[in-house]
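A note on names: the letters A, B, ... follow the listed sequences, proteins ahead of strands, and every chain is numbered from 1.
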Amino acid sequence: MPSLQSLRGMVDLLPDAIGLWQHVEASAREHFRRAAVAEIRTPLLEVTELFARGIGEATDVVGKEMYTFLDRGERSCTLRPEGTASVVRAAIQHGLLSQGPQRLWYGGPMFRYERPQAGRQRQFHQIGLELLGFADARSDVEAIAIAWDLLADLGVGGLALELNTLGSPDDRARYRGELVAWLEAHRERLDPDSQQRIATNPLRVLDSKVPDTQTLLAGAPTLADALCGESHERFARVRQGLEALAIPFELNPRLVRGLDYYSHTAFEITSSQLGAQATVCGGGRYDGLVQQLGGAPTPAIGWALGMERLVLLLSQAAHVSAPAAVPDLYVVSRGEAAEALALPVARRCRASGLVVELDGSGAAFAKQFRRADRSGARFAAVIGDAEASEGLAVLKDLRGERPEQRLAIAALVDVLRQLLARREPVA
RNA sequence: GCGGGCGUCGCCAAGUGGUUAAGGCAGCGGCUUGUGGCGCCGCUAUUCGGGGGUUCGAAUCCCCUCGCUCGCCCCA
């Protein structure tokens, strides 16, 4: 164990893993582009109050998971634990919403101080969508569809969309009252955890994993029954919209999003192949948040997708492999004059768009050829002192399909481009 | 914060009380001082995450500690 290593839960992405990440990022970018969603980038560090107010003081995220510290000006700062609050803050701060509804996406690292486990790190990465200023149920459906299509396009199988409604804030408050009353009445038969949660987060009791508690809960009042007519109608329209798009979903009445700002539509996309942290994408409607953070009342819906979990799924799938960056040309040189010439040659080839790896080791030819072979390059340019003195290079086909060819360095680029162009359709 | 599992070379890994801690991959050097992919030869852990203890003797037993990992809680 080296004396200096990364902090717990802070993971290095090594070169071998990066291809998959770039693939996911490129795919997300393309899906957002097609859906006319603009990117927004906000700081990783915000005033603590933003999250305390936005996410909710009582939530686990704010209560015990934030990286919070005082900066040199004694201001309480927090490394963002999620993206929505920052995006909303930025939209308010820059008056974006007075220009009309905003379709925004973001991506990047988030920080939560939790025990790491499969699919969970302290620094993790999310890609998220926020549709600000959209009230209609159709925007809920569109937001879900964008996530669903992205995941489908990436080739992630075995996904399930779980759907619920939390009702309006009024519905929720009313239901919360009913539920707490009922739970109190049955307190003795609940497990200790659930008893605790009556006060802290009663809706969470519904999601208890204790079998006896679950049996008991069959008789509890349901949120569905507490919905007002309008909320009911709204949820029906979301379901119909998904059906019209042939996006399959399961109703999950126990699906309760943890952050305070959610209302009405809540959803998660989960995979059975992920271990305990099965949610790849989660989101919902948050009509009250913009106002709560000081903006004009603005309806909104959004989601966030966990990159680590998505990459985990993709790396499990045998067929998904990111293409490695294989050089077109590997430049081998030995001898003072030759080595001096090698970099200019490489540079000229690179300028024309070729991928060129330069062996600057000055090692024996045998060693350099060995590395050239391992690099996967199709061709090698060999420059020794004999060539250097005449301004030549030997072009060698590393798959042995063509005899070696001595040519002027000036001609190297053109010859290579021709040879590679001819191959391309085959590959 | 609470549980379970694990910690031998850059990676994989044998070894469970007794002289020098297997092997494979990768790396380096050589056979081949201008030609790779195959093959052969050689080199690379005084040391078993760290610290104490037991013992004539410990990678192997005990204690503490650090780290990794899976799960709980919660979430993406």
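- A gap of 11 Å separates the C1' atoms of B:U44 and B:G10, to the nearest Å.
- For B:C28, the OP1/OP2 oxygens have a side-chain nitrogen or oxygen of A:Lys367 closer than 4.0 Å.
- The distance between atom OH of A:Tyr330 and atom P of B:G36, rounded to the nearest whole Å, is 14 Å.
- Among the atoms of the strands shown, base atoms are found under 4.0 Å from some heavy atom of A:Asp385.
- One atom, CD of A:Gln117, and another, P of B:G4, lie 16 Å apart when rounded to the nearest Å.
- Within 6.0 Å of the CZ atom in A:Arg406, the count of heavy atoms belonging to other residues, nucleotides or ligands exceeds 12.
- B:U46 and B:U20 have their P atoms separated by 15 Å, given to the nearest Å.
- In this structure, of B:G27, B:G36, B:G34, it is B:G34 that holds the atom nearest to the side chain of A:Glu387.
- Put simply, CG on A:Asp12 is 14 Å from C1' on B:C68, counting in whole angstrom units.
- When heavy atoms are screened at a 4.0 angstrom cut-off, A:Ala304 is found touching the sugar-phosphate backbone but no base atom.
- Around CD of A:Glu336, the count of heavy atoms belonging to other residues, nucleotides or ligands within 6.0 Å does not exceed 12.
- Between A:Ala372 and A:Met307, the residue anchored nearer the 5' end of RNA chain B, judged by the nucleotide with its closest heavy atom, is A:Ala372.
- Note on A:Arg370: only backbone sugar-phosphate atoms sit closer than 4.0 angstrom, heavy atoms only; bases stay farther off.
- Side-chain N/O atoms of A:Arg374 include one lying less than 4.0 angstrom from OP1 or OP2 on B:A26.
- The CZ atom of A:Arg8 sits 13 Å away from the C1' atom of B:U65 (whole-angstrom rounding).
- Under the stacking definition used here (centres under 5.5 Å, planes under 30°), the residue A:Phe369 qualifies as stacked on the base of B:U35.
- The CE-P distance, from A:Met10 to B:U69, rounds to 13 Å in whole Å.
- Base-pair partner of B:A14: not found among the strands shown (Watson-Crick or G-U wobble, both distances under 3.5 Å).
- When heavy atoms are screened at a 4.0 angstrom cut-off, A:Glu268 is found touching no nucleic acid atom at all.
- For the C1' atoms, the distance from B:U55 to B:A45 is 25 Å, rounded to whole Å.
- A side-chain donor-acceptor contact under 3.5 Å links A:Ser168 to the backbone of A:Asp171.
- Searching all strands for a Watson-Crick or G-U wobble partner of B:C72 with both distances below 3.5 Å returns B:G1.
- Nucleotides B:C31 and B:G5 have their C1' atoms positioned 48 Å apart, rounded to a whole Å.
- With hydrogens and angles left out, the side-chain atoms of A:Arg371 and A:Ser361 include a donor and acceptor closer than 3.5 Å.
- Looking at heavy-atom distances under 4.0 Å, A:Arg112 makes contact with a base.
- Taken to the nearest 0.5 Å, the CD atom of A:Glu268 stands 12.0 Å off from the CD atom of A:Glu250.
- Remark: A:Arg239 qualifies as a cation-pi partner of A:Phe235 under the 6.0 Å distance and 45° angle criteria applied to the six-membered ring.
- Taking only side-chain atoms of A:Val394, from C-beta outward, the nucleotide of B:A76, B:G36, B:G34 with the closest atom is B:G34.
- For the residue pair A:Glu339 and A:Ser333, no side-chain donor N or O sits within less than 3.5 Å of a side-chain acceptor on the partner.
- Among the atoms of the strands shown, none is found under 4.0 Å from any heavy atom of A:Glu82.
- Contacts of A:Gly282 with the nucleic acid, taken as non-hydrogen atoms under 4.0 Å apart, involve only primed sugar atoms and P, OP1 or OP2.
- Within the nucleic acid shown, A:Ala380 has no heavy atom closer than 4.0 Å to any nucleic acid atom.
- Counting to the nearest Å, the P atom of B:C74 and the CG atom of A:Leu255 are 13 Å from each other.
- Closest to the side chain of A:Ala276, from the set B:C73, B:U35, B:G71, is B:G71.
- Spacing between B:U54 and B:C63 at atom C1', rounded to whole Å, works out to 11 Å.
- Here, B:C56 and B:G51 have their P atoms 23 Å apart, quoted to the whole Å.
- One C1' atom belongs to B:A58, the other to B:G15, and the distance between them is 13 Å to the nearest Å.
- Counting only distance, with no hydrogens or angles, the side chain of A:Thr165 and the backbone of A:Gly167 share a donor-acceptor pair below 3.5 Å.
- The aromatic rings of A:Tyr286 and A:Tyr262 sit perpendicular, their planes meeting at an angle over 60°, well past the 30° parallel limit.
- Using a 4.0 Å heavy-atom distance criterion, A:Lys396 is classed as a base contact.
- When heavy atoms are screened at a 4.0 angstrom cut-off, A:Arg115 is found touching base atoms of the nucleic acid.
- Between A:Asp359 atom CG and B:U35 atom C1' the separation is 13 Å, expressed in whole Å.
- Residue contacts for A:Ala118: at a heavy-atom cut-off of 4.0 Å it reaches the sugar-phosphate backbone alone, with no base atom in range.
- If you check every strand for non-hydrogen atoms under 4.0 Å, A:Gly335 touches nothing.
- Mapping A:Tyr113 and A:Glu65 onto RNA chain B by nearest heavy atom places A:Tyr113 closer to the 5' end of the strand.
- Using a 4.0 Å heavy-atom cutoff across all strands shown, A:Glu114 reaches at least one base atom of the nucleic acid.
- For the pair A:Gln277 CD and B:U69 C1', the interatomic distance rounds to 14 Å; values are reported in whole Å.
- Base pairing analysis places B:A26 opposite nothing; no Watson-Crick or G-U wobble pair with both distances below 3.5 Å involves it.
- At a threshold of 4.0 angstrom between heavy atoms, the contacts of A:Asp373 include nucleobase atoms, whether or not backbone atoms are also involved.
- Judged by Watson-Crick or G-U wobble contacts below 3.5 Å, the nucleotide B:G67 has B:C6 as its partner.
- Separation of the C1' atoms belonging to B:G30 and B:C64 is 49 Å when rounded to the nearest angstrom.
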